[in-house]
Amino acid sequence: MTPEFAVSSVLLIIWACSTMVSRFEDYFPLAVRQWLGEIDLDDPRTVEEIQLAYTDNRITEAEMERRLAVAVNPRTEQIRNAVEPVSGIGPETALNIAAKFESERELREASREDLEDVPNVGPERAAALRERL
């Protein structure tokens with residue numbers, strides 16, 4: 001076996017493994033996804049992440065309850081669906097918006113300054129949100 005063949009074989013195996021990991025990472029157990037860096041327990045968003053962050057003592061019980069209230073609130077999904085089509089608003093920013101506003105109506109009535117108080121929402125995104133809503 002030539003050294004070039006060995007190196008290319010190793011690179012092929014690494015590529016195949018990384019492709020498989022990225023394709024099936026949503027099916028991995030939570031602890032594996034955390035180890036891979038897919039889950040940020042310093043800012044947990046899903047119910048699983050919130051519970052794991054609490055059990056790892058990364059958030060307090062009060063913070064866990066606050067985050068769970070946002071995560072399981074059916075209005076959260078409505079607000080996310082309303083704001084995610086806006087350019088520059090991804091799932092993380094949409095959850096930040098949903099955590100700040102109780103309803104779409106409250107969001108529509110929010111001032112530009114209120115919107116800019118949300119993390120990752122600056123003047124341009126606030127203007128785009130107000131235009132969309």
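In this text, all values refer to a predicted model and were calculated from it rather than measured experimentally.
- Between L68 and V47 there is a side-chain heavy-atom pair separated by less than 4.5 Å.
- The minimum heavy-atom distance between A98 and T76, with the atom names listed, is CB-CG2, 3.7 Å.
- Between the N73 side chain and the R75 main chain, a donor and an acceptor come within less than 3.5 Å of each other.
- Looking at heavy atoms from C-beta onward, V118 lies in side-chain contact with F101 at the 4.5 angstrom threshold.
- The nearest pair of heavy atoms linking N96 to P119 is ND2-O, 3.6 Å.
- By the 4.5 Å heavy-atom criterion applied to side chains, L129 and L107 are not counted as neighbours.
- For the pair I50 and I59, the tightest heavy-atom approach, listed with the atom from each and the gap, is O-CD1, 3.7 Å.
- Judged as a salt bridge (charged side-chain N to carboxylate O under 4.0 Å, His left out), and not counting sequence neighbours, R130 has no contacts.
- The two atoms that bring E104 and A82 nearest to each other are OE1-CB, 3.7 Å, heavy atoms only.
- By the neighbour-count criterion of 12 heavy atoms within 6.0 Å, atom CD of E63 is densely surrounded, having more than that number from other residues, nucleotides or ligands.
- Side-chain polar atoms of D114 and S111 form a donor-acceptor pair below 3.5 angstrom.
- What you find for V83 and A94 is that their closest heavy atoms are CG2-CB, 3.7 Å.
- The cluster map of Ile, Leu, Val, Met, Phe, Trp and Tyr, joined by side-chain heavy atoms under 4.5 Å apart, puts M64 and V72 in the same cluster.
- Side-chain atoms of R105 and R108, non-hydrogen and from C-beta on, do get closer than 4.5 Å to each other.
- The main-chain N or O of Q51 is found under 3.5 Å from a side-chain atom of T55 such that the two form a donor-acceptor pair.
- When the side-chain hydrogen bond (donor to acceptor under 3.5 Å, both in side chains) test is applied to E116, the partners found at least two apart in sequence or on another chain are R112.
- Taking the side-chain hydrogen bond (donor to acceptor under 3.5 Å, both in side chains) definition, one finds that E84 meets it with R80, sequence neighbours left out.
- Of the possible polar contacts, one joining the R125 side chain to the G88 backbone as a donor-acceptor pair under 3.5 Å is found.
- Remark: N120 CG to I97 CD1 distance equals 9.5 Å, nearest 0.5 Å.
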